[in-house]
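The structure displayed is predicted, hence computed values, not measured ones.
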Amino acid sequence: MTRPLVGFDLDMTLIDSRRGIGAVYHQLNARYGLSIDVDLVVGRLGPPLESELGNWVPQERVADMAAAYRALYPEYAIPAVDLLPGAREVLAATTPVVITAKNAPQARMHLEYFGLQVEHLVGLAWGEGKADALREHRPVAYVGDHTADMAAARSAGVPAIGVTTGHCTADELRAAGADLVLQDLTWLDAATLDSLKGPVIRK
């Protein structure tokens with residue numbers, strides 16, 4: 001049986017990266033004398049690293065702090081991240097393309113750490129960057145936890161499935177254009193994906 005091509009966000013969709021990302025930000029604070037509110041940052045994951053860092057350091061320091069963050073990431077973040085319920089099963093049942101704002105090498109580290117096989121991976125994609133990747137790959141749906149994921153899918157003309165494993169609520173995801181909102185990936189099955197090939201019914 002042919003497995004459907006499905007797009008997935010990474011952070012808070014496939015993996016719960018809050019603890020790992022928080023650990024890296026704590027290291028930045030300790031090593032570089034920063035005052036990043038780590039709880040605030042991990043409570044609104046989604047936008048690219050450089051965008052978040054721009055809230056805490058002068059623009060001329062963003063590139064250096066992003067490089068420092070990425071250097072610390074393998075040691076402090078990768079072992080501290082959890083796989084979200086249903087992620088392994090849904091990736092095995094589909095042909096997945098992961099489209100994420102995280103850079104591709106670190107996204108790949110997460111997938112390899114959990115032994116997940118993903119042939120297609122697009123990193124550093126956010127907003128219209130995600131929409132462009134969706135236009136290129138044309139999955140039957142895009143699954144994400146953020147309102148920006150829903151907007152990107154809408155822009156690309158791809159059905160949008162929201163999961164409430166991130167900080168965005170079901171109502172927020174629907175308002176952003178979600179065709180379907182699920183509690184988590186354990187609710188995403190073949191019948192659900194097949195229903196999106198025809199007329200979309202909002203639930």
**Prompt:** Between C168 and L173, which heavy-atom pair has the shortest distance, and what is it?
**Reply:** CB-CD2, 4.0 Å

Scan the side chains in residues 21-47 for donor-acceptor partners under 3.5 Å anywhere in the protein, sequence neighbours excluded, and list what turns up.
from : atom 1 : to  : atom 2 : distance (Å)
Q27  : OE1    : R31 : NE     : 2.9
Q27  : OE1    : R31 : NH2    : 3.2
N29  : OD1    : I36 : N      : 2.9
N29  : ND2    : I36 : O      : 3.0
R31  : NH2    : Y76 : OH     : 3.1
D37  : OD1    : D39 : N      : 3.3
D37  : OD1    : L40 : N      : 3.1
R44  : NE     : E52 : OE1    : 3.1
R44  : NH2    : E52 : OE2    : 2.7

**Message:** Just verifying a value: how many Å separate Y69 OH and L53 CG, rounded to the nearest 0.5 Å?
**Reply:** 8.0 Å

**Prompt:** Do any pairs count as a side chain to side chain donor-acceptor pair (under 3.5 Å) and have a residue in residues 120-133, sequence neighbours left out, and if so which ones?
**Reply:** D9-K130, E128-R135, E128-S155, K130-Y142, K130-D149, D132-R135

**Complete:** So the salt bridge (Lys or Arg N to Asp or Glu O under 4.0 Å) pairs with at least one residue in residues 68-81 (sequence neighbours excluded) are E50-R70

List, one per line, each side-chain donor-acceptor pair under 3.5 Å for residues 77-96, sequence neighbours excluded.
from : atom 1 : to   : atom 2 : distance (Å)
D82  : OD1    : R19  : NH2    : 3.4
R88  : NH1    : F114 : O      : 2.9
R88  : NH2    : F114 : O      : 3.0
T94  : OG1    : V90  : O      : 2.9
T95  : OG1    : R3   : O      : 3.4

**Message:** Please find the pair of heavy atoms, one from I161 and one from A141, that lie closest to each other, and give the distance.
**Reply:** CD1-CB, 3.9 Å

**Request:** Could you grab the distance from atom CH2 of W187 to atom CG of L180, nearest 0.5 Å is fine?
**Result:** 11.0 Å

**Prompt:** Which atom pair, heavy atoms only, marks the closest approach of P139 to G7?
**Reply:** CB-N, 3.5 Å

**Message:** Once side chain to side chain donor-acceptor pair (under 3.5 Å) is applied, what residue pairs with a partner in residues 105-117 remain, sequence neighbours excluded?
**Reply:** Y73-H110

**Request:** Please name all residues satisfying side-chain contact (heavy atoms from CB on, under 4.5 Å) with P105, sequence neighbours left out, ordered by chain then number.
**Result:** N103

**Request:** Could you tell me whether the side chain of D145 and the main chain of V163 form a donor-acceptor pair under 3.5 Å?
**Result:** no

**Prompt:** So, S17 side chain and G20 main chain: donor-acceptor pair closer than 3.5 Å or not?
**Reply:** no

**Fill in**
Contacts of D11 meeting salt bridge (Lys or Arg N to Asp or Glu O under 4.0 Å) (sequence neighbours excluded), chain-then-number -> K102

**Prompt:** Does T164 use its side chain to pair, donor to acceptor, with the backbone of Q183 at less than 3.5 Å?
**Reply:** yes

**Message:** If I compare all heavy atoms of A160 with all of G177, which pair ends up nearest, and what's the gap?
**Reply:** CB-O, 3.9 Å

**Request:** Output the distance between atom CG (L188) and atom CZ (F8), rounded to the nearest 0.5 Å.
**Result:** 6.0 Å

**Item:** For D64, side-chain hydrogen bond (donor to acceptor under 3.5 Å, both in side chains) partners two or more places apart
**Value:** none

**Message:** So which atom in A133 and which in V122 form the shortest heavy-atom distance, rounded to 0.1 Å?
**Reply:** CB-CG1, 4.0 Å

**Prompt:** Among pairs that include at least one residue of residues 21-30, which meet salt bridge (Lys or Arg N to Asp or Glu O under 4.0 Å), considering only residues two or more places apart or in two chains?
**Reply:** none

**Message:** Determine whether D184 and T186 satisfy the following criterion, side-chain hydrogen bond (donor to acceptor under 3.5 Å, both in side chains), listing intermediate values before the conclusion.
**Reply:** CA-CA 6 Å; D184 59 38; T186 63; 2.3 Å; yes

**Request:** Taking side-chain contact (heavy atoms from CB on, under 4.5 Å) as the test, write out the residues that go with A104, two or more places apart.
**Result:** L121

**Request:** Write down the atom of P4, the atom of V140, and the distance for their closest heavy-atom approach.
**Result:** CB-CG2, 4.1 Å

**Complete:** Here the ring-ring contact (aromatic ring centres under 6.0 Å, His included) pairs for residues 154-178, sequence neighbours left out, are H146-H167

